[in-house]
Amino acid sequence: MTAAVTPETGPAGPTEEAASGMTRRQILQAMSGLMAGMFVAILASTVVANALPRIIADLHGTQSSYTWVVTAELLAMTATVPIWGKLSDLYDKKLLIQLSLSMFVVGSLVAGFSHSVGLLIVSRVVQGIGAGGLTALAQVVMAAIIPPRELGRYSGIFGAVFAVGTVAGPLIGGVLVDTSWLGWRWCFFIGVPFALLAIVLLQLTLKLPTIRREVKIDYVGAVLIMSGVSALLLWVTLAGNRFDWASWQTAALVTAGVVLLGAAVWVESRVPEPIIPLDIFRNRTVALTTVASLLVGVAMFGGTVFLSQYFQISLGKSPTTAGLMSLPMILGLMVSTTVAGQIISARGKWKGFLIAGGIIMTAGMGLLSTIGADSSFGLLSVYMVVLGVGVGMLMQNLVLAAQNDVPASELGAATSVLSFFRSLGGAIGTSALGAVLGHRVAQELEKGFGKPAGGGESTVPDLSTLPAPAREIVENAYGVATADVFLIGAPFAFLALIAVLFIKEKPLRTQSGMERLAEETAAAESAAATPAH
C-alpha cells in the first residue's frame, strides 16, 4: 500500500515513511542505534575526567601527559568532523557510522590495556577520530531518515541522551576508579558494549539509500590544519618545561605552525569544497560568533578540565566524590540552556542572552580564580553554577545567531565552522592552560620543599603515598595553580563578551531550513530565467 502524497513535504511529495523507506517504528528502532552511538561518544569524553589523576599517577605521567590525554582526543575529533561529513556525501552513511564506531572500539581497547602514557595518548587519537565520525554522522543520518518537519519530535531524545551522558559519565568514572576489582581501565572498556550494540542495531534497523554526488574531499587542507595546530599546541605544552620559551625549539615549532596554517589558508581559498570555507567569514555575524566560540572553548575547556584534578589532589577527595562535586556546573549549564531557549522561542530576542552569558561566564571564571586548598564545597558550588549558567547561555545561542543570519545553503557550513573553532579553542585552552598549571605547580613545590622539584617536569603525585607535611605542600600547590588557570582564562571569557557586543541582532526566521532553501532556489532560478536588459 502506497503512502499518501502531500505537496508540502518536498519536491517529490513523499511522506515520512516513503521519504526514507522506513516506517515510524523503524525510525525509532534506528534511532536506538544512533543514541547508543552518541552515548558512547559523550561517555568517552566525560567518563575519564575523574579517573585521569589516578591514571596519570599509575602510569607515572607528567602534567603535560595529563593535558595531552585530554587534548589528543579533542584535536582528533575536531579535525575529522568535517572530513566525516564530506565522506557521507560520497559513501554509504550506515557503513561510515559503523566504521566510526569500530574505530572507537579499537581505540577504547588499546587505551584500556595501555601500560604507558604514550600508548594511551595514541589510543585517545583513535578514539577521537571515531568520536568525530559519530558526532558528524549522527546528524547526517537523522536528516536522511526524518523530514525536517518531523525533526522536532525526535530531537528531545538526543538532548536527554546528551544530558545523561554528561552527568553520568564523571560519576561512572569515579565509581569505577574507586572499585578495587574494576579500576580505571574499565573507564575505557565500559563504552565497548554500547558501541558493539550500536553497530548491531544500526545493521538491523537502518535502511538508507546511497546517494552519491561529485565531492572533492580536502585532505590536504585537513592535514595542514591539524599539523599547524598540533605544532603550536606542542610549543605551548612543552615550552618552559622541556625547553626555554626563548630557544631554537620555540622558533622551530612556532615557525612550523604559522607556515602550515598559512599554507592551509592558501589551500582553503583555492579548493572547490574546503574543510573551512573562507567566504563564510565575510558574514559579520558568522565571523564574530566564530571568534566568540573559539574564546568560549579556550575559557571553558581550558579551565574546567582541571577542576577534577583540583578536587582530588588539592581537596583530597575520591574520584566518586569529585564526580558529584562537578554536578553544580553541569546543572547550571543545562538549566540555563533550556530556560534561555524557551524564552528566546517565545519572544524571538536572543542578543540579551548572549551578553548576559558573556558577563556571567567572565564572573564565574573570576570567582573560581579565588579558590584554594581550603575552599568550602558550598562556595565552590556557587562559583561553578555561575560559570555553568554563563556558558549555557552562550554556547548554543552563538550557533543560533549564526544559523539565523546565513542563507539556507550555508547552514551546514556555518554550524560546522562554529563547532570546529569551539573544539579548537578547547584544545588550545587545555594545552596552554595545562602548561601554565604544570609550571605553577613546579614553582609552588620548589617553594614548599625549599629545593627544585626535580629535573624536567614533576610527575602527578599519588597523595596516598605522601607523608602529611608533603601532602599539605602538594595540596596547596595544586590549589594555587588551579586558581591561576581560571585567572588567566577570565580575560578570554571577557574577550568573548566583547565579540558578542558587536553582533547585530536580527529577527529570528520563522521558516525551516528546507523552506528557506526552496525559496532561495526558486528566486535564483527566476533571476536566471529573467533576460538582462
task: Evaluate side chain to side chain contact (heavy atoms under 4.5 Å, CB included) for V389 paired with V335, printing each intermediate quantity in order.
output: CA-CA 7 Å; V389 167; V335 169; over 6 Å; no
field: Pair F189 and W186, ring centroids less than 6.0 Å apart
entry: yes
- request: State which residues pass salt bridge (charged side-chain N to carboxylate O under 4.0 Å, His left out) with R471; sequence neighbours excluded, sorted by chain then number.
  value: E475
message: Using the rule given for side chain to side chain contact (heavy atoms under 4.5 Å, CB included), can you reason through H60 versus V117, listing the C-alpha separation, both sets of side-chain angles and the distance that settles it, and then say yes or no?
response: CA-CA 8 Å; H60 308 292; V117 172; over 6 Å; no
field: side-chain hydrogen bond (donor to acceptor under 3.5 Å, both in side chains) contacts in which one or both residues fall within residues 120-131, not counting sequence neighbours
entry: E73-R124, S108-Q127, R124-Q127
- prompt: Is the closest side-chain heavy-atom distance between M361 and V386 below 4.5 Å?
  reply: no
message: Would you say CZ of F494 has more than 12 non-hydrogen atoms from neighbouring residues, nucleotides or ligands within 6.0 angstrom?
response: no
- prompt: Is N476 close to E444 at the side-chain level, that is, under 4.5 Å between some pair of heavy atoms?
  reply: yes
query: Should F281 and T290 count as side-chain neighbours, where that means a heavy-atom distance under 4.5 Å?
result: yes
- line: Heavy-atom nearest pair, M325 first then K317, reads SD-CG, 3.7 Å
- request: With V296 as reference, evaluate L394, L497, T289, V291 under the side chain to side chain contact (heavy atoms under 4.5 Å, CB included) test and give the passing residue.
  value: L394
message: Donor-acceptor check, side chain of Y310 to backbone of A483, threshold 3.5 angstrom: yes or no?
response: no
- prompt: Within a reach of under 6.0 Å around CZ of F421, are more than 12 heavy atoms found that belong to other residues, nucleotides or ligands?
  reply: yes
task: For the residue pair L224 and L261, establish whether any side-chain heavy-atom pair is separated by less than 4.5 Å.
output: no
Reported CD1-to-CG distance for the pair I371 and L315, which is rounded to 0.5 angstrom: 7.5 Å
- prompt: Are any side-chain N or O atoms of T370 and backbone N or O atoms of G366, one a donor and one an acceptor, separated by less than 3.5 Å?
  reply: no
message: Evaluate L331 against V385 for side chain to side chain contact (heavy atoms under 4.5 Å, CB included), listing each step before the verdict.
response: CA-CA 7 Å; L331 292 174; V385 166; over 6 Å; no
- line: dist F113:CZ -> R185:CZ (nearest 0.5 Å) comes out at 8.5 Å
- prompt: Roughly how far apart are Y478 OH and F306 CZ, rounded to 0.5 Å?
  reply: 10.5 Å
- request: Indicate yes or no: at least one non-hydrogen side-chain atom of L288 is less than 4.5 angstrom from one of K504.
  value: no
task: For S318 and T321, indicate whether the former's side chain and the latter's backbone hold a donor-acceptor pair under 3.5 Å.
output: yes
message: For a side chain to side chain contact (heavy atoms under 4.5 Å, CB included) check, start with the C-alpha distance between F486 and L307, then their side-chain angles and the critical distance, and finish with the verdict.
response: CA-CA 10 Å; F486 284 104; L307 268 178; 3.8 Å; yes
- prompt: Are any of the side-chain heavy atoms of V69 and I55 separated by less than 4.5 Å?
  reply: no
message: I want to check something: taking the side chain as every heavy atom from C-beta on, are E268 and I225 in contact at a cut-off of under 4.5 Å?
response: yes
task: Please examine the side chains of C187 and V177, heavy atoms only from C-beta on, and report whether any two atoms are closer than 4.5 Å.
output: yes
